[in-house]
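We use all heavy atoms of the structure for the numbers below, so side chains are in, but hydrogens, waters and symmetry mates are not.
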Amino acid sequence: MTQQAPYPLNTWYVACTPDELDDKPLGRTICNKQLVFFRGDAGRVAAMEDFCPHRGAPLSLGFVRDGKLVCGYHGLEMNCSGKCDSMPGQRVRGFPSVQSYPVEERHGFIWIWPGDPDKADASLIPELEWANNPDWAYGGGLYHIECEYRLMIDNLMDLTHETYVHASSIGQPEIEEAAPDTKVNGDEVITSRQMENIPAPPFWQAALRGNGLADDVPVDRWQVCRFTPPSHVLIEVGVAHAGNGGADAPADKKASSVVVDFITPESDTSIWYFWGMARNFKPEDQALTDKIREGQGKIFEEDLEMLEAQQRNLLRYPDRQLLKLNIDGGGVQARRIIDRILTEEREAKAEATA
């Protein structure tokens, strides 16, 4: 019996960003599926197995011509649905098709549905209020991390680690001194922390200066982590000059943003991590966007090192049971939702094949 993958398949994941398809096809493994992405007819993105049905070469080593993906080995042309269209001097229309996958380009990302194509519903792609709004600016990047995707969810739903992993940027003792509050709303898990009348750490001092605010006065700080399946975490963060209402403070008293985290499994122990920050102050300031992106990138590099070391240790000690504390509530609840979805997919598949 084939073992079920440890991640949901009938759902939307971020596969890549549009700029990754600017000049050639992109080969990328997602949910243990080797895929190729390219722009086909009318510039629409297509995705299919990264496998030429002629001799098995990766189609991602080819190129796009007239909306068709041309294999770089012998010139077999594939259309967007995975069918063989032509090959120099050969008859190939009887060749077997390769599997194609539903894809959508939305909110500055390419999304893929790696499960049953008949169940794909574009309306299930999350709405992102900041993605198409001129009052917001966004800057982000991509990391490949050798860790299981749920470890990254745990990391993002428990920000206590900032005090230690990110001591020189966003960490401060007041984080671990403030107890987190975790709530479950359907398939959404929300973990929040509120800190009052504390000093701003270096990253937020810079953000206050970027918004034209004093950086040497006490602040109220907040962190609201929101998990939604399959592996999306959006974190509302910010600081406001103390005594002005925290997150509800007027715009001229605070610096706030949304940390964007889209986690896409590559394999059982590796991920594609699409990270970024959206802010609604000084959206026209590209230099500020670049500076924040650079600072955030360095912060996430620190997470990368810790998570990869954690994954290696877990593989080394597979029978060890991990402890669960009150600070782990967000990650624990997120895992419960994922487990329920996996059970539902497994039961639906068994029913369909019965």
Side-chain angles (χ1 to χ4, degrees), residues 1-17 26-38 40 44-51 80-82 97-128 131 147-154 156-157 184-189 226-234 260-274 330-354:
M1 180 180 294
T2 301
Q3 186 177 5
Q4 182 180 7
Y7 28 75
L9 294 176
N10 289 323
T11 189
W12 293 102
Y13 291 100
V14 173
C16 60
T17 51
L26 172 70
R28 179 155 290 167
T29 300
I30 293 176
C31 296
N32 273 322
K33 300 175 184 288
Q34 290 182 287
L35 308 174
V36 58
F37 298 84
F38 68 100
R44 181 174 176 81
V45 178
M48 64 182 69
E49 292 176 287
D50 195 6
F51 184 93
C80 294
S81 65
S97 300
V98 298
Q99 177 69 51
S100 62
Y101 293 87
V103 287
E104 294 287 337
E105 184 169 0
R106 191 172 298 183
H107 309 319
F109 299 99
I110 309 299
W111 303 77
I112 186 166
W113 182 281
D116 183 349
D118 293 334
K119 295 182 178 180
D121 181 354
S123 70
L124 298 178
I125 295 174
E127 289 299 324
L128 306 175
C147 80
E148 199 252 349
Y149 78 107
R150 284 171 291 196
L151 294 182
M152 177 57 88
I153 295 173
D154 293 343
L156 295 166
M157 294 300 290
V184 179
N185 181 19
D187 279 350
E188 182 182 49
V189 181
R226 299 178 185 272
F227 162 85
T228 53
S231 48
H232 310 323
V233 181
L234 301 181
V260 178
D261 307 281
F262 293 130
I263 307 156
T264 300
E266 178 193 42
S267 70
D268 293 3
T269 56
S270 61
I271 61 173
W272 301 104
Y273 177 39
F274 297 86
V332 169
Q333 294 298 333
R335 284 177 179 249
R336 288 176 178 171
I337 290 172
I338 292 170
D339 287 344
R340 174 177 54 77
I341 293 172
L342 290 173
T343 298
E344 291 170 353
E345 286 195 3
R346 181 173 59 251
E347 292 175 347
K349 185 175 182 179
E351 183 178 341
T353 56

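Nearest heavy atom pair, residue C31 against residue L9, reads CB-CD2, 3.9 Å. Closest non-hydrogen pair, Y13 versus S231, comes out as CE2-OG, 3.5 Å. Residues R150 and P6 share a closest heavy-atom pair of NH2-CB, 3.5 Å. The shortest non-hydrogen separation linking Y149 to P8 is OH-CD, 3.7 Å. Scanning both residues, M157 and V189, for their nearest heavy atoms gives CE-O, 3.6 Å. Scanning all heavy atoms of the two residues, the minimum distance from A47 to V103 falls at CB-CG1, 3.4 Å.
Checked for salt-bridge contact, E345 and K349 miss the test: no charged N lies under 4.0 Å from a carboxylate O.
At distances below 3.5 Å, not a single donor-acceptor pair connects side-chain atoms of S100 with backbone N or O atoms of G82. Side-chain N or O atoms of W111 include one that pairs as donor or acceptor with a backbone N or O of R106 at under 3.5 Å. At distances below 3.5 Å, not a single donor-acceptor pair connects side-chain atoms of D50 with backbone N or O atoms of V36. A side-chain donor-acceptor contact under 3.5 Å links E49 to the backbone of Q99. Judged purely by atom type and a 3.5 angstrom limit, T264 uses its side chain to pair as donor or acceptor with the backbone of V14. Remark: the backbone N or O of A15 is paired with a side-chain donor or acceptor of R28 at under 3.5 angstrom.
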For salt bridge (charged side-chain N to carboxylate O under 4.0 Å, His left out), just list the numbers for E266 and K33, CA-CA rounded to whole Å, side-chain angles, deciding distance to a tenth of an Å, and then say yes or no.
CA-CA 8 Å; E266 178 193 42; K33 300 175 184 288; over 6 Å; no
I'd like to know whether I338 forms a side-chain contact (heavy atoms from CB on, under 4.5 Å) with I153, so could you lay out the CA-CA distance, the side-chain angles of the two residues, the decisive distance to 0.1 Å, and finally the verdict.
CA-CA 11 Å; I338 292 170; I153 295 173; 3.8 Å; yes
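Taking the six-membered ring for Trp and the full ring otherwise, W12 and F262 have centroids separated by 6.0 Å or more.
Scored by the ring-ring contact (aromatic ring centres under 6.0 Å, His included) test, F51 finds no partners at all (sequence neighbours excluded).
By the 6.0 Å contact criterion, CD on E344 is enclosed, its count of non-hydrogen atoms from other residues, nucleotides or ligands being greater than 12.
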